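In what follows, a structure is listed as structure tokens, so that the remarks can point back to it.
The model shown is predicted, which means the values in this text are computed figures rather than measured ones.
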Amino acid sequence: MILPEPIQNLVNALARLPGIGPKTASRLAFYLLRAPEETSRDLADALYQLKAGIAFCPVCFNITVAGRTECEICASAARDPALICVVEEPLDVIALERTDAFTGRYHVLHGTLNPIEGIGPEDLRIRELVGRVRAGGVSEVSLATNPSMEGDYTAAYLRQQILPLGVRVTRLARGLPVGGDLEYADQGTLVKALFGRQEA
Ligand SMILES: [Zn+2]
């Protein structure tokens, strides 16, 4: 069956989202078709606001409110600029911030190295991280990529890049469940991982 174009367009757009196959995409599209107009409008507004209202911090690449020159954490004098915690995603920053145990700053890679999927160093914010370290004033880089194969591989690559710059490189993920995501770890485990970080 050929769907009318407006439905097909929505199905295609939804099917591009992670975890949503063509079947779920069709179900969602038909749900929205039947739902009150307000439901679609709220969704459309939220999607528009997401891009219009949010930007990435040009220093650490965490999410921030659009229009700011740097995020709240980078701008805070209370946060130690000598300690940088490297994470995969903005959600990891939120998880670590919830612990109230980390006083340094962050660097968000926006993914992990994955040679199989063709994701190389230039696809992540690695050059910017090396630039921050090179600029001086950093004494420790703590690698908090997830304890997964890609996370460990990324951490090993970063260690190789950063260690020659003469700063301490530590790994945070020890003690976290292997294969587990930082963002799902409980606060006690995260605090332990933060304080128990070891040389990478
Ligand atoms: Zn920032």
Side-chain angles (χ1 to χ4, degrees), residues 54-64 68 70-76 78-115 117-187 189-200:
I54 296 290
F56 293 110
C57 171
V59 179
C60 72
F61 299 95
N62 189 18
I63 43 173
T64 189
R68 283 189 74 111
E70 48 185 14
C71 73
E72 254 170 84
I73 295 171
C74 286
S76 167
R79 307 296 296 244
D80 183 3
L83 172 58
I84 297 178
C85 181
V86 181
V87 296
E88 293 178 16
E89 302 291 348
L91 279 173
D92 301 326
V93 173
I94 294 166
L96 288 165
E97 283 300 286
R98 243 186 261 131
T99 67
D100 264 331
F102 184 67
T103 52
R105 300 189 184 188
Y106 294 96
H107 193 88
V108 183
L109 296 171
H110 292 276
T112 45
L113 294 173
N114 191 332
E117 287 179 21
I119 301 170
E122 63 289 345
D123 298 310
L124 308 176
R125 297 297 186 175
I126 291 178
R127 195 160 31 90
E128 291 86 347
L129 172 64
V130 172
R132 280 178 81 181
V133 177
R134 268 190 213 281
V138 177
S139 60
E140 178 183 343
V141 173
S142 190
L143 305 171
T145 49
N146 287 321
S148 62
M149 211 164 74
E150 293 80 17
D152 285 339
Y153 178 69
T154 307
Y157 178 85
L158 292 175
R159 178 182 180 276
Q160 217 176 49
Q161 300 294 308
I162 296 165
L163 218 48
L165 304 176
V167 300
R168 194 178 166 214
V169 179
T170 56
R171 183 82 169 106
L172 176 89
R174 275 169 225 279
L176 293 170
V178 173
D181 266 17
L182 215 70
E183 59 175 288
Y184 301 123
D186 65 88
Q187 292 196 15
T189 306
L190 277 180
V191 171
K192 239 186 274 171
L194 272 169
F195 285 109
R197 59 186 194 271
Q198 296 167 344
E199 306 304 316

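- Among all heavy-atom pairs drawn from Cys57 and Cys71, the shortest one is SG-N, 3.3 Å.
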Under 3.5 Å, side-chain donor or acceptor atoms of residues 118-128 against the rest of the protein: list the pairs with distances, not counting sequence neighbours.
unit_1	atom_1	unit_2	atom_2	d
Asp123	OD2	Gly120	N	2.9
Arg125	NH1	Glu128	OE2	3.0

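- Taken to the nearest 0.5 Å, the CG atom of Leu91 stands 11.0 Å off from the CD atom of Glu88.
- For Glu72, the CD atom counts as loosely surrounded, since its 6.0 Å shell holds 12 or fewer non-hydrogen atoms of other residues, nucleotides or ligands.
- Minimum heavy-atom separation, His107 to Ile84: CB-CG2, 3.8 Å.
- Summarising the geometry, atom CG belonging to Asn146 is positioned 8.0 Å from atom OG1 belonging to Thr112; distances are rounded to the nearest 0.5 Å.
- Taking 4.5 Å as the limit, some side-chain heavy atom of Arg132 sits within range of a side-chain heavy atom of Val59.
- Using a 4.5 Å heavy-atom cutoff, the side chains of Cys60 and Arg105 are not in contact.
- Residue Cys85 holds its SG atom at 12.5 Å from CG of Asp80, rounded to the nearest 0.5 Å.
- Side chain of Arg171 to main chain of Leu143: a donor-acceptor pair is present (N/O by atom type, distance under 3.5 Å, no hydrogens or angles).
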Exercise for the section: Start with the C-alpha gap between Glu97 and Ile73, add the side-chain angles, then the distance that decides, and say whether side-chain contact (heavy atoms from CB on, under 4.5 Å) holds. Expected result: CA-CA 10 Å; Glu97 283 300 286; Ile73 295 171; 3.9 Å; yes

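- Under the 3.5 Å distance criterion, with hydrogens and angles disregarded, no donor-acceptor pair is assigned to the side chains of Thr154 and Thr145.
- Annotation: salt bridge (charged side-chain N to carboxylate O under 4.0 Å, His left out) contacts of Glu140 (sequence neighbours excluded): Arg168, Arg197.
- Glu70 has no carboxylate O lying under 4.0 Å from a charged side-chain N of Arg79, or vice versa, which leaves the two without a salt bridge.
- Screening Thr64, Ile63, Ile54 for a side chain to side chain contact (heavy atoms under 4.5 Å, CB included) involving Pro90 leaves a single residue, Ile63.
- With Asp92 contributing its side chain and Glu89 its backbone, the two residues share a donor-acceptor pair below 3.5 Å.
- A search for ring pair (Phe, Tyr, Trp, His ring centres under 6.0 Å) contacts involving Phe56 returns His110, not counting sequence neighbours.
- In this structure, CG on Leu83 lies 9.5 Å from OH on Tyr106, to the nearest 0.5 angstrom.
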Exercise for the section: Check step by step if side-chain contact (heavy atoms from CB on, under 4.5 Å) holds for Val87 and Leu96. Expected result: CA-CA 10 Å; Val87 296; Leu96 288 165; 3.8 Å; yes

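- Looking at Arg98, its side chain never comes within 3.5 Å of a backbone N or O of Gln187 through a donor-acceptor pair.
- Between atom CG of residue Leu194 and atom NZ of residue Lys192 there is a gap of 12.5 Å, rounded to the nearest 0.5 Å.
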Exercise for the section: Could you please spell out the steps behind the side-chain contact (heavy atoms from CB on, under 4.5 Å) verdict for Leu109 and Leu158? Expected result: CA-CA 11 Å; Leu109 296 171; Leu158 292 175; 4.0 Å; yes

Handout entry: Full working for side-chain contact (heavy atoms from CB on, under 4.5 Å) between Ile162 and Leu129
Key = CA-CA 9 Å; Ile162 296 165; Leu129 172 64; 3.7 Å; yes

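- Interatomic distance, Ser142 OG to Leu172 CG, rounded to the nearest 0.5 Å: 5.0 Å.
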